[in-house]
Amino acid sequence: MKRLLFVLMAMVFAIQGWGQTPTTVTIGSGTDTSFYVPLYGYYEYSYSQQIYNQTEINAKGQITKIRLYYSSGSYTNTTNWTVYLGHTTKTSFSSTSDWVPVSTLTQVFSGTVTYPATGNWLEITLSTPFSYNNVDNLILAVDENEAGDCGSSSQPLWGTFTGSPTYRGLYKYQDGTNIDP
């Protein structure tokens, strides 16, 4: 388990305010890449959490879809996801054990994700929309549950963006036993 130096996924939230048309909020530029979040395909199982600041989202409403930039690599054995969202006052993780308890998060998706062609957005329509309050920061947690790995040279590479060097992403991974968040 490592602390990841400011890896924030290039992510788009489809937010629908109460009584308003949906708004798409893009966080990040997607110009840098990471193997570690939202999942690390070199190992059988992985779990990650990322913090998105309220100032990056700046929209209140229902989050109904998330999009993650899939840069390249094989997605063999990495399609069974459980996704959680939650509010937090944390702006960063203070250590490698400073996880937001999964019991405080809302499970918004569980199932098979469909990867796009490389260089495109992986879209997940949430089975449970999340009411984002536009006051707190947002936690995105991804639990990848499929046995097997992608191999050392072909794991998925995800778009991230650079920014101030704070610890806004945590991840853990292992072989053999599925991670219980």
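- Residues Thr91 and Ile51 have side chains not in contact (no heavy-atom distance under 4.5 Å, counting atoms from C-beta outward).
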Exercise. Apply side-chain hydrogen bond (donor to acceptor under 3.5 Å, both in side chains) to Thr78 and Tyr115, showing your working.
Key: CA-CA 10 Å; Thr78 64; Tyr115 280 74; 3.0 Å; yes

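- Side-chain contact between Asn137 and Tyr52 is absent, with no heavy atoms from C-beta onward closer than 4.5 Å.
- Residues Trp81 and Ile124 form a side-chain contact, since some pair of their non-hydrogen atoms from C-beta on lies under 4.5 Å apart.
- In this structure the side chain of Leu68 never reaches within 4.5 angstrom of the side chain of Trp121, judged on heavy atoms.
- By the side chain to side chain donor-acceptor pair (under 3.5 Å) test, Asn145 is found to be paired with Thr82, Asn178, residues two or more places apart in sequence or in another chain being considered.
- Aromatic ring pairs are classed by plane angle as parallel below 30°, tilted from 30° to 60° and perpendicular above 60°; the pair His87 and Phe130 is tilted.
- Atom OG1 in Thr125 sits 9.5 Å away from atom CD1 in Ile66 (nearest 0.5 Å).
- Residue pairs meeting the salt bridge (charged side-chain N to carboxylate O under 4.0 Å, His left out) criterion with at least one member in residues 124-139, sequence neighbours excluded, do not occur.
- Counting only heavy atoms from C-beta outward, the side chains of Thr106 and Leu85 never approach each other to under 4.5 Å.
- Listed by chain and residue number, nothing satisfies the side chain to side chain donor-acceptor pair (under 3.5 Å) test with Ser127 (two or more places apart in sequence, or in another chain).
- The salt bridge (charged side-chain N to carboxylate O under 4.0 Å, His left out) contacts involving residues 75-86 comprise nothing, where partners must be two or more places apart or lie in separate chains.
- Contact annotation: the side chain of Ile63 approaches that of Leu126 to within less than 4.5 Å [non-hydrogen atoms, C-beta and beyond].
- Between the side chain of Asn120 and the main chain of Ala117, a donor-acceptor pair closer than 3.5 Å is present.
- For residues 114-123, the set of pairs meeting the salt bridge (charged side-chain N to carboxylate O under 4.0 Å, His left out) definition, not counting sequence neighbours, comprises Lys65-Glu123, Arg67-Glu123.
- Side chains of Ile57 and Tyr132 form a contact here, defined as non-hydrogen atoms less than 4.5 Å apart.
- Residues in residues 95-116 take part in these salt bridge (charged side-chain N to carboxylate O under 4.0 Å, His left out) pairs, two or more places apart or across chains: Lys90-Asp98.
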Exercise. Determine, step by step, whether Gln54 and Asn134 satisfy the side-chain hydrogen bond (donor to acceptor under 3.5 Å, both in side chains) criterion, reporting the C-alpha distance in whole Å, the side-chain angles of both residues, the deciding distance to 0.1 Å, and the verdict.
Key: CA-CA 6 Å; Gln54 176 278 327; Asn134 199 32; 3.0 Å; yes

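- Between the side chains of Tyr47 and Gln49, at least one donor N or O lies within less than 3.5 Å of an accepting N or O.
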